[in-house]
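Chain naming here is simple, since letters A, B, ... match the order of the sequence lines and numbering starts at 1 in each. Only heavy atoms go into these numbers, but all of them, side chains included; no hydrogens, no water, no symmetry mates.
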Amino acid sequence: MVRGRGSVGGHVHERLVAEERRTPKRRSSDMNGLRVRFAPSPTGFLHVGGARTALFNWLYARHARGTFVLRIEDTDTARNTAEAVKVIFDGLQWLGLDWDEGPLPDGGVRGDRGPYFQSERRSIYDRALRRLLDQDQAYESDGAIRFRMPRKKIVVEDLICGEVCFDCTLEQDFVIQRKDGSPVFHLVNVVDDLEMGISHVIRGEDHLSNTPKHLAIAAALGGTAPQYAHIPLILNRTGSKMSKRDVGASLGEYQEGGYLPQAVRNYLCLLGWSLRENREVFPIEEAAEKFELNQIHRSNARFDADKLLWMNGTYLRSLSVEEILPHARTWLQRSGLPIAKREPDYLKEVVLLLKEKVKTGKELVEWAHPFFQEEVSFQANAVKRFFDPAGLQALRELLADLSEASDFTSSALEARFQRLAQAHATPVRTYVHPARVATTGREVGPSLYPSLAILGKDLVLHRLRRAIETFAS
RNA sequence: GACCCCAUUGUGUAGUGGUUAGCACCCCACCCUUUCAAGGUGGUAGCACGGGUUCGAAUCCCGUUGGGGUCGCCA
């Protein structure tokens with residue numbers, strides 16, 4: 001399980017110390033020269049696997065007080081668009097993963113090791129290509145340029161996987177520049193890591209098999225390759241690598257589905273890493289503080305949507321209403337409910353009530369309808385079940401009783417309901433259920449008394465009357 | 001197929017030679033209760049298999065099986 005970790009770890013330490021001595025300090029945030037990067041390809045969406053890779057890089061950078069670089073790998077020009085890059089910015093920002101260097105959403109740039117779009121680094125790749133060609137480490141073939149792969153055994157000293165030996169004696173030379181002149185992933189990826197001074201490459205394990213190639217290119221260019229750390233893959237429900245087509249594979253689904261970034265990011269931490277303290281819900285700061293590469297698992301992890309849902313509910317309940325409010329506003333506004341017509345305090349009260357009972361923003365929006373819509377829309381089954389003659393009679397009694405109420409607070413309402421039930425020698429649910437249906441249209445919802453208190457006397461009485469009129473005939 | 005990685009309940013994990021194998025999600029039961037949740041209590045379920053090494057193995061070694069990944073002029 002821990003094969004090779006000890007020796008590799010020691011090696012890293014020496015390397016870092018050596019590098020620190022010879023490399024002048026560049027900026028305060030990378031005093032130790034530790035530099036990691038997230039290098040997504042703008043495809044139009046951010047894969048949860050990519051998000052998790054970004055997260056682990058970010059955690060490691062923050063843990064070690066290193067530098068987190070964002071680099072956009074847009075060499076495949078046919079597929080790349082500005083909107084696709086925006087998706088990456090949005091996803092990272094939503095998750096709270098800030099980068100120290102890289103392109104900025106406003107079109108600017110931070111860092112002095114750019115440009116950070118590969119599409120703008122062509123001259124750098126051309127120079128590398130020239131050098132390889134001149135040294136006869138690459139050659140032209142069918143209009144493309146191939147890298148002369150050394151025919152030997154190559155050992156990858158991986159920080160997570162240990163020493164992995166690849167026999168490349170029969171390895172084919174591979175293309176590093178296409179016939180159309182554009183450079184290929186293997187080349188640009190390695191060149192950029194070298195040029196940008198990346199010290200640790202934390203990426204998906206699907207790249208482990210590519211690493212001998214990358215090591216060979218780095219060596220051919222006379223550079224010192226970064227340390228590699230291949231993290232386990234995220235698997236879908238059926239156990240294969242989560243792909244674009246899988247439900248729940250895009251981070252956007254969680255942004256749109258009313259998930260909290262704190263919850264998603266916390267859940268993602270758990271895929272291949274753990275705090276080892278029998279605790280699974282923890283703030284990101286604590287994760288950063290305790291994050292270590294050598295604690296990352298080697299086995300792939302299946303994505304468990306149920307557990308994420310549970311965690312989201314946990315966050316919804318534990319965060320303060322002030323923390324939830326901005327997200328709730330986004331969810332509600334997106335749903336088209338006229339929340340702006342109400343006082344801010346009203347919204348706050350509704351969110352405070354609902355956040356205890358729902359697991360996602362989507363659910364919160366559904367439950368919020370009766371609080372923001374003028375008219376209640378009744379669910380057929382709820383009507384059928386609770387608006388029978390007895391239910392309607394209960395509503396009449398309730399209407400008469402609540403009309404007298406001067407105190408419309410939750411506790412006062414509860415007392416009234418209890419008294420009414422007692423007077424008629426019946427359980428309080430006799431009144432509660434019809435009242436819930438009459439005021440919200442549904443048979444399940446948040447606690448009734450606070451709901452009525454928030455709706456207010458006028459609206460509650462109006463809805464009771466309305467239900468009686470509508471369904472009595 | 002070749003090469004590489006992996007293997008603790010259904011899922012995510014704790015466990016690094018001696019534990020009644022712990023925790024969480026899921027599922028079930030009960031309690032609480034105005035619905036639904038939440039919460040509380042309890043329960044079902046696990047070291048893939050076979051060989052070693054050892055007084056002793058979930059833990060170390062080998063093999064088997066199973067799963068995953070990579071083998072592009074995609075990244």
Side-chain angles (χ1 to χ4, degrees), chain A residues 1-3 39-43 50 73-76 78-80 118 141-146 156 158 160-162 164-168 170-172 174-186 188-189 203-213 230 232-233 235 237-241 267 269-281 297-311 313-314 316-317 354-359 363 367 382 385-386 414 417-418 421 427-437 440 442-449 451:
Chain A
M1 184 91 185
V2 289
R3 174 160 58 105
S41 189
T43 57
E73 305 223 334
D74 56 348
T75 54
D76 187 10
R79 302 195 337 211
N80 300 319
Q118 288 188 329
S141 146
D142 290 329
I145 293 176
R146 284 177 186 272
V156 176
D158 192 276
I160 294 165
C161 301
V164 184
C165 183
F166 291 87
D167 185 353
C168 298
L170 296 173
E171 190 75 19
Q172 297 291 304
F174 54 93
V175 171
I176 52 177
Q177 187 188 59
R178 301 185 187 90
K179 196 181 283 182
D180 69 5
S182 62
V184 169
F185 164 73
H186 297 301
V188 299
N189 191 266
R203 56 170 24 165
E205 199 215 70
D206 47 349
H207 283 297
L208 184 57
S209 304
N210 289 144
T211 310
K213 291 189 177 83
H230 288 92
L233 266 18
L235 271 26
R237 203 188 315 275
T238 51
S240 49
K241 185 168 94 167
Y267 176 69
C269 282
L270 264 26
L271 262 22
W273 182 76
S274 94
L275 219 49
R276 311 154 120 181
E277 293 174 22
N278 276 354
R279 271 191 313 126
E280 298 187 307
V281 181
H297 279 213
R298 296 230 242 157
S299 49
N300 297 335
R302 229 174 265 226
F303 193 90
D304 186 348
D306 281 341
K307 187 142 185 176
L308 171 56
L309 187 62
W310 165 79
M311 186 161 289
T314 300
L316 234 17
R317 269 173 273 121
L354 297 183
K355 83 183 193 70
E356 300 303 315
K357 312 280 263 184
V358 299
K359 286 184 173 163
E363 218 181 315
W367 283 28
R385 188 163 165 206
F386 292 109
E414 178 167 8
F417 271 71
Q418 299 284 3
V428 73
R429 62 171 175 272
T430 308
Y431 297 97
V432 166
H433 294 301
R436 174 174 290 111
V437 178
T440 69
R442 296 143 197 262
E443 51 185 321
V444 301
S447 302
L448 185 69
Y449 310 126
S451 298

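In terms of modelled atom types and a separation under 3.5 Å, the side chain of A:Asp142 and the main chain of A:Ala144 share no donor-acceptor contact. A:Ser274 contributes no side-chain N or O that, together with a main-chain N or O of A:Leu270, makes up a donor-acceptor pair within less than 3.5 Å. Although no hydrogens or angles enter the test, the distance criterion places a donor-acceptor pair under 3.5 Å between the side chain of A:Tyr267 and the main chain of A:Asp304. Here the side chain of A:Arg302 pairs no donor or acceptor atom with the backbone of A:Leu235 at under 3.5 angstrom.
Judged by distance alone with a 3.5 Å cut-off, no donor-acceptor contact links the side chain of A:Lys357 to the base of B:A38. With hydrogens and angles ignored, a donor-acceptor pair closer than 3.5 Å exists between the side chain of A:Arg436 and the base of B:U34. For A:Asp304 against B:G12, a side-chain-to-base donor-acceptor contact under 3.5 Å is absent.
Spacing of C1' atoms, B:A57 relative to B:A45, comes out at 23 Å, to the nearest Å. B:A7 and B:C61 are spaced 11 Å apart, taking the P atom of each and rounding to whole Å. Annotation: B:G43 and B:A2 have their P atoms spaced 48 Å apart (nearest Å). Across the P atoms, B:C4 and B:A14 are found 26 Å apart, a figure rounded to whole Å. Between the P atoms of B:C31 and B:G69, the separation comes to 47 Å (whole Å). B:U11 and B:G72: their C1' atoms are spaced 34 Å apart (whole Å). Rounded to whole Å, the P atom of B:U9 lies 7 Å from the corresponding atom of B:C47. Comparing the C1' positions of B:U13 and B:G46 gives an interatomic distance of 12 Å, to the nearest angstrom.
A:Ser182 comes within 4.0 angstrom of nothing in the nucleic acid, heavy atoms only. No contact: A:Asp167 has no heavy atom under 4.0 Å from any strand. Base contact: A:Leu448 has a heavy atom under 4.0 Å from a base atom. Nucleic acid contact class of A:Pro446 (heavy atoms, under 4.0 Å, all strands): base. Residue contacts for A:Ala301: at a heavy-atom cut-off of 4.0 Å it reaches the sugar-phosphate backbone alone, with no base atom in range. Using a 4.0 Å heavy-atom cutoff across all strands shown, A:Phe417 reaches no nucleic acid atom at all. Across all strands, A:Asp142 comes closer than 4.0 Å to base atoms (heavy-atom distances). Residue contacts for A:Lys241: at a heavy-atom cut-off of 4.0 Å it reaches the sugar-phosphate backbone alone, with no base atom in range. Heavy atoms of A:Gly239 sit under 4.0 angstrom from primed sugar atoms or phosphate atoms, though from no base atom.
Between the C1' atom of B:A75 and the CZ atom of A:Phe185 lies a distance of 6 Å, rounded to the nearest Å. The separation between A:Trp273 atom CH2 and B:A24 atom C1' is 15 Å, rounded to whole Å. In this structure, the CG atom of A:Leu308 is 19 Å from the P atom of B:A24, given to the nearest Å. Summarising the geometry, the separation between CG on A:Leu275 and P on B:G12 is reported as 19 Å, rounded to the nearest angstrom. Atom P of nucleotide B:A14 and atom CG of A:Leu271 are separated by 12 Å, given to the nearest angstrom. Between A:Met311 atom CE and B:U11 atom C1' the separation is 13 Å, expressed in whole Å. Rounded to a whole Å, the NZ atom of A:Lys307 is 13 Å from the C1' atom of B:U9. Atom CD in A:Glu443 sits roughly 12 Å away from atom P in B:A37 (whole-Å rounding).
Regarding contacts with the backbone of B:G68, every side-chain N or O of A:His230 stays at 4.0 angstrom or more from both OP1 and OP2. Taking only side-chain nitrogens and oxygens, A:Lys359 comes nearer than 4.0 Å to OP1 or OP2 of B:A38. Contact between the side-chain N/O atoms of A:Thr43 and the OP1/OP2 oxygens of B:A75 is not found at any separation under 4.0 Å. Considering only side-chain N and O atoms, A:Arg442 lies nowhere under 4.0 angstrom from the phosphate OP1 or OP2 of B:C36. The side chain of A:Ser209 contributes no N or O atom lying less than 4.0 Å from OP1 or OP2 of B:C71.
Among the nucleotides B:U13, B:C73, B:U34, the one closest to any side-chain atom of A:His297 is B:U13. Which of B:A24, B:G39, B:C4 sits closest to the side chain of A:Glu280 comes down to B:A24. Which of B:U34, B:G69, B:C36 sits closest to the side chain of A:Asp206 comes down to B:G69. If you check B:U35, B:G12, B:C73 against the side chain of A:Val444, the one that comes closest is B:U35. Comparing B:A75, B:U35, B:U16 by their nearest atom to the side chain of A:Arg276 picks out B:U16.
The closest side-chain heavy-atom distance from A:Phe417 to A:Leu448 is below 4.5 Å. Here the side chains of A:Ser447 and A:Lys357 are in contact, with some heavy-atom distance below 4.5 Å.
In this structure B:A7 sits in a base pair with B:U65, meeting the Watson-Crick or G-U test at under 3.5 Å. Nucleotide B:G72 forms a pair with no other nucleotide shown, judged by Watson-Crick or G-U wobble geometry with both contacts under 3.5 Å.
Across all non-hydrogen atoms, the minimal contact from A:Thr211 to A:His230 is OG1-CE1, 3.0 Å. Counting all heavy atoms, side chain and backbone alike, A:Asn210 lies closest to A:Asp206 at OD1-O, 4.2 Å.
The residue among A:Gly143 and A:Gln418 whose nearest nucleotide of RNA chain B is located toward the 5' end is A:Gln418. If you find the closest nucleotide of RNA chain B to A:Ser240 and to A:Val432, the one lying nearer the 5' end belongs to A:Val432.
Ring planes of A:His433 and A:Phe386: parallel class, angle under 30° (limits at 30 and 60°).
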